[in-house]
Number of protein chains: 2
Amino acid sequence: MALDERRTEAYFALMEAGGLLQMLMEDQLQRDGGLSYLQFFLLARLAQAPDGRMRMTDLADTVIHSRSGLTYQAAKLETAGLLRRESSPHDERSVTAAITDQGRELLNQVLPGHVAIVEQGMFEALDDQQTEALADALEAVRDRLRVLAPSSAQRRRNRS
Amino acid sequence: MALDERRTEAYFALMEAGGLLQMLMEDQLQRDGGLSYLQFFLLARLAQAPDGRMRMTDLADTVIHSRSGLTYQAAKLETAGLLRRESSPHDERSVTAAITDQGRELLNQVLPGHVAIVEQGMFEALDDQQTEALADALEAVRDRLRVLAPSSAQRRRNRS
DNA sequence: TATTGTTATACTCTATAACTATA
DNA sequence: TATAGTTATAGAGTATAACAATA
């Protein structure tokens with residue numbers, strides 16, 4: 001088979017697998033914690049950040065959303081008590097989002113079901129060697145895409 | 001590193017890569033043809049089906065959307081002249097969606113830019129061996145997920 | 001002047017349930 | 001009774017542009 005064809009297949013397999021996984025997760029997260037996938041991802045991203053906090057703009061970049069979209073979601077999560085927004089001491093323009101204890105609790109509550117789907121859906125079909133190869137390749141692709149994707153600030157500038 | 005950790009990394013890399021790729025594609029498709037990613041995917045799926053036609057329900061399953069959502073998108077694509085809906089001769093309940101010549105034209109117009117992003121974003125970072133390994137693993141994962149994901153008919157039944 | 005975050009607004013999309021028609 | 005597709009409706013989420021405040 002031509003390599004071109006193999007690449008096309010890999011591309012469509014990536015997109016379909018990502019979409020299917022997200023659909024399954026959307027159900028699971030709603031059931032186990034009343035979260036959308038985006039909200040889960042935001043909390044998970046904060047939880048793994050140093051001290052559980054990140055600047056709003058940096059958070060917007062990792063999630064690939066407009067700033068206004070992030071403001072909307074952050075407001076919902078703040079109302080639910082899952083994160084707090086604090087003004088930064090160094091730069092008074094910026095706002096820092098911090099995950100709360102309650103946010104971490106909900107994350108822990110939701111995580112076992114999440115991991116179960118990952119195990120059943122992704123890795124039951126792969127042996128250890130394939131898992132390593134998949135992880136290596138996907139990380140390389142992700143890193144490459146991060147470079148290509150414009151930041152939220154760039155996207156804003158491009159409009160004017 | 002523990003395998004568990006490696007799996008978690010692979011999972012998040014998959015989701016982030018898929019999201020980034022979709023964002024880049026959304027821009028490209030809008031620019032080159034005024035299509036959303038979903039609309040592109042629907043047309044592409046039809047184009048590769050035998051005779052360029054599929055039953056609505058089957059189409060809904062491949063794109064993982066509710067039937068009403070597909071009706072909405074199909075109506076838009078039909079208005080734009082990119083697909084046609086015809087009643088099936090065998091089963092008069094079902095409707096067959098068929099891509100039009102104009103739809104195929106638009107697909108061809110949009111495809112070069114699409115392929116360019118796939119090449120630059122995904123495969124520039126991988127050698128041939130990695131590409132094969134990635135395709136193998138992703139296809140195995142996708143096939144496994146297809147089994148786990150409920151069909152549109154199942155989802156409808158689950159509600160009642 | 002540029003950047004950060006918010007807000008107002010308008011729009012797209014999605015899902016649910018109810019409905020029609022056919023099997 | 002079950003399935004296929006549509007429709008009405010209502011809600012969630014998104015992006016754009018305009019805004020205020022700080023750098």
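The structure displayed is predicted, hence computed values, not measured ones. Residue numbers start from 1 in every chain, and the chains themselves are labelled A, B, ... in the order their sequence lines are given, proteins ahead of strands.
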Kindly point out which of [options] is positioned nearest to the side chain of [X]?
X         : options                  : result
Glu92(A)  : dT4(C), dA12(D), dT22(D) : dT22(D)
Tyr72(B)  : dT3(D), dT12(C), dA15(D) : dT12(C)
Arg157(A) : dT3(C), dA23(D), dC13(C) : dT3(C)

Worksheet entry | Nearest heavy-atom neighbours spanning Leu70(A) and Ala60(A) | CD2-N, 3.5 Å
Rounded distance in Å - [atom1] ([X]) to [atom2] ([N]):
X         : N       : atom1 : atom2 : result
Leu70(B)  : dT7(D)  : CG    : C1'   : 14 Å
Gln73(B)  : dT12(C) : CD    : P     : 11 Å
Asn158(A) : dT16(D) : CG    : C1'   : 14 Å
Gln22(A)  : dT14(C) : CD    : P     : 12 Å
Gln30(A)  : dG11(D) : CD    : C1'   : 13 Å
Asp27(B)  : dT14(D) : CG    : C1'   : 14 Å
Glu86(A)  : dT6(C)  : CD    : P     : 13 Å
Gln154(A) : dA2(C)  : CD    : C1'   : 15 Å

Discussion item. Between Arg146(B) and Asp61(B) (salt bridge meaning N to carboxylate O under 4.0 Å), is one present in this structure?
Written reply: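 A salt bridge is absent here (no side-chain N lies under 4.0 Å from a carboxylate O).
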Worksheet item: So does Arg6(A) pair up with Glu9(A), basic N to acidic O under 4.0 Å?
Response: yes
Under 4.0 Å between a side-chain N/O of [X] and OP1 or OP2 of [N], yes or no?
X        : N       : answer
Ser66(B) : dA15(C) : yes
Arg67(A) : dT6(C)  : no
Lys76(A) : dA12(D) : no

Worksheet item: Would you call the rings of Phe40(B) and Phe12(A) parallel, tilted or perpendicular, where under 30° means parallel and over 60° means perpendicular?
Response: parallel
Worksheet item: For DNA chain D, whose closest nucleotide is more 5', that of Thr71(B) or that of His90(A)?
Response: Thr71(B)
Worksheet item: Ignoring hydrogens and angles, does a donor from either the side chain of Ser68(B) or the base of dT16(C) sit under 3.5 Å from an acceptor on the other?
Response: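 Yes.
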Discussion item. Whether the side chain of Arg156(A) and the base of dT6(C) hold a donor-acceptor pair under 3.5 Å is what I'd like checked.
Written reply: yes
Worksheet entry | ILVMFWY cluster, Val115(A) and Leu20(A) together (side-chain gap under 4.5 Å) | no
